[in-house]
Amino acid sequence: MSFSRLSRGTHFFSCIRTHLHRPPSLSRCLIDGVGSRYNFIGANGKNIYAQTNHGCKLKNYNVEKSCSISFGRQYATNAATTATEKKSKKMLLYLTGLVFAMVGCSYAAVPLYRRFCQATGYGGTVQRRESVEEKIARHATDGTVTSREIVVQFNADVADGMQWKFVPTQREVRVKPGESALAFYTAENKSSAPITGVSTYNVTPMKAAVYFNKIQCFCFEEQRLLPGEQIDMPVFFYIDPEFETDPRMDGINNLILSYTFFKVSDDK
Amino acid sequence: MSAGGAFGGNRGARPVPPEKGVFPLDHLHLCDLEKKDYIDCLKSTGHKSEKCRQFSKKYLECRMQKNLMAKQDMSELGFGKEGELQTSTDE
């Protein structure tokens with residue numbers, strides 16, 4: 001509401017603008033009287049300041065006049081000015097608060113999104129609701145029989161510039177949901193210095209990642225290989241039998257487990 | 001970037017660590033024989049995991065003996081009753 005009052009006349013608005021940004025100058029204007037007119041205009045625009053030094057130019061005269069007219073109006077509506085000033089100050093505070101609220105929301109969005117992903121398994125998040133051992137025990141007592149054979153293929157990647165040869169020991173494993181399976185990766189340090197690496201994994205297709213439970217593996221911890229050392233890295237995983245009953249998984253018979261090794265600074 | 005998800009894909013979620021944690025690496029190659037048996041079995045049976053379960057069980061037992069894995073009952077890891085079921089269906 002205060003904004004509409006402010007924008008009623010452009011001259012009025014432009015004069016008000018300086019009030020918002022430089023309240024001290026306004027008080028100066030009010031106190032000084034006629035001479036203050038020049039100060040007031042000077043605050044309005046930087047180029048006009050220079051012109052007032054040279055005296056009253058014709059170009060500027062109109063600006064001065066219109067401003068002085070509105071200025072005169074302001075003398076009369078002093079009380080109203082301070083009221084609108086208060087309202088505009090309130091508006092400013094409200095808008096500033098809104099900006100901070102927006103920034104705060106964008107910071108809060110990160111953990112909120114993560115929680116949303118954990119709850120819904122959106123985008124391939126591997127979910128965690130009950131531990132795998134509990135799941136295995138539950139299905140063992142239920143006697144769930146699964147019939148669909150799923151091919152789990154393995155993929156291994158190494159970060160650029162890392163001199164490791166990292167390959168899966170077997171190309172694929174055919175497993176039924178509900179059966180825990182073992183798989184191996186082989187890594188060899190081909191350089192002449194010990195290299196420490198850390199790995200991360202991914203399961204595709206994304207929506208099947210919910211049912212892929214890793215019981216134990218070699219990821220997320222730094223693994224150090226001496227020069228020329230070759231080592232076998234096992235992965236022990238389990239596919240939830242509920243995979244079979246989920247209609248979204250109807251066409252999925254292939255899972256790809258992909259590991260990528262990244263180099264950790266080897267100055268240790 | 002990633003195929004799944006309209007927005008973000010995998011960006012918002014951090015990969016979840018494994019249940020029982022990390023396998024300590026077998027630097028001294030203590031369980032190499034068992035591993036070799038398992039891999040050979042896989043190759044011979046067309047990579048069918050269920051046919052080679054006894055070898056993977058042996059491998060895990062080897063690991064437990066050599067302190068490369070936390071000791072645990074095999075049935076908890078899905079081996080005990082499954083193995084029995086396996087033999088009954090094979091016959």
Side-chain angles (χ1 to χ4, degrees), chain A residues 110 113-114 116-118 122-128 131-133 136-137 139-140 143 145 149 151-152 169-176 178-184 200-202 204-207 209 213-221 223-226 229 231-238, chain B residues 2-29 31-32 34-36 38-40 42-43 45-53 55-57 59-60 63 68-70 72-82 85-86 89:
Chain A
V110 174
Y113 183 66
R114 195 174 296 151
F116 166 74
C117 278
Q118 293 280 28
Y122 191 66
T125 320
V126 181
Q127 269 186 307
R128 174 109 337 158
S131 85
V132 181
E133 283 140 3
I136 293 175
H139 286 295
V145 178
E149 193 183 66
V151 182
V152 181
T169 320
Q170 68 288 304
R171 266 289 133 192
E172 61 178 28
V173 167
R174 289 167 194 267
V175 71
K176 290 208 181 108
E179 286 175 7
S180 47
L182 186 63
F184 285 94
T200 183
Y201 76 97
N202 195 358
T204 35
M206 301 282 187
K207 49 185 178 172
N213 302 291
K214 276 196 318 136
I215 303 174
Q216 203 161 1
C217 73
F218 54 88
C219 40
F220 306 120
E221 236 186 55
Q223 313 286 3
R224 192 162 183 272
L225 281 190
L226 296 169
E229 188 182 356
I231 204 154
D232 304 306
M233 299 180 175
V235 180
F236 194 43
F237 63 91
Y238 173 80
Chain B
S2 26
F7 59 96
N10 265 353
R11 242 189 294 145
R14 216 185 282 154
V16 182
E19 281 276 331
K20 293 179 59 56
V22 181
F23 269 131
L25 283 195
D26 189 6
H27 284 278
L28 303 168
H29 299 273
C31 294
D32 252 12
E34 282 81 2
K35 171 216 128 196
K36 223 176 160 311
Y38 178 66
I39 301 285
D40 290 337
L42 276 188
K43 284 185 183 159
T45 60
H47 297 285
K48 283 194 195 297
S49 152
E50 41 182 339
K51 300 232 164 68
C52 301
R53 283 182 79 73
F55 291 109
S56 51
K57 191 171 172 187
Y59 180 78
L60 293 176
R63 269 201 163 239
L68 292 169
M69 186 171 163
Q72 211 178 9
D73 195 16
M74 274 299 166
S75 58
E76 282 180 35
L77 298 169
F79 278 113
K81 286 183 189 169
E82 310 256 0
L85 218 80
Q86 218 46 50
T89 50

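Throughout, protein chains are lettered first and strands after them, A, B, ... in sequence-line order, and every chain is numbered starting at 1.
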Legend entry - Exam field: side chain B:Y59 to backbone A:L182, donor-acceptor pair closer than 3.5 Å: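 Flag not set: sc B:Y59 to bb A:L182 has no pair under 3.5 Å.
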
Legend entry - Region of A:E172 that comes under 4.5 Å of a non-hydrogen atom in chain B: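 It is both, since atoms from each part get that close.
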
Separation of [Y] [atom2] from [X] [atom1] (nearest 0.5 Å):
X	Y	atom1	atom2	answer
A:E179	B:K48	CD	NZ	10.5 Å
B:I39	A:D232	CD1	CG	7.5 Å
A:F237	B:S49	CZ	OG	7.0 Å
B:L60	A:Q216	CG	CD	8.5 Å

Legend entry - Derivation of the side-chain contact (heavy atoms from CB on, under 4.5 Å) call for B:H47 and A:Q170: CA-CA 8 Å; B:H47 297 285; A:Q170 68 288 304; 4.1 Å; yes

Legend entry - Residue B:Y38 versus chain A: region with a heavy atom under 4.5 Å: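 Side chain only.
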
Legend entry - Step-by-step side-chain contact (heavy atoms from CB on, under 4.5 Å) determination, B:R53 to A:S180: CA-CA 9 Å; B:R53 283 182 79 73; A:S180 47; 3.3 Å; yes

Legend entry - N-O pairing of A:R174 and B:E50 below 4.0 Å: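 Salt bridge flag = no for B:E50 with A:R174.
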
Legend entry - Side chain to side chain, B:R63 and A:P234, heavy atoms closer than 4.5 Å: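 Sidechains of A:P234 and B:R63: in contact.
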
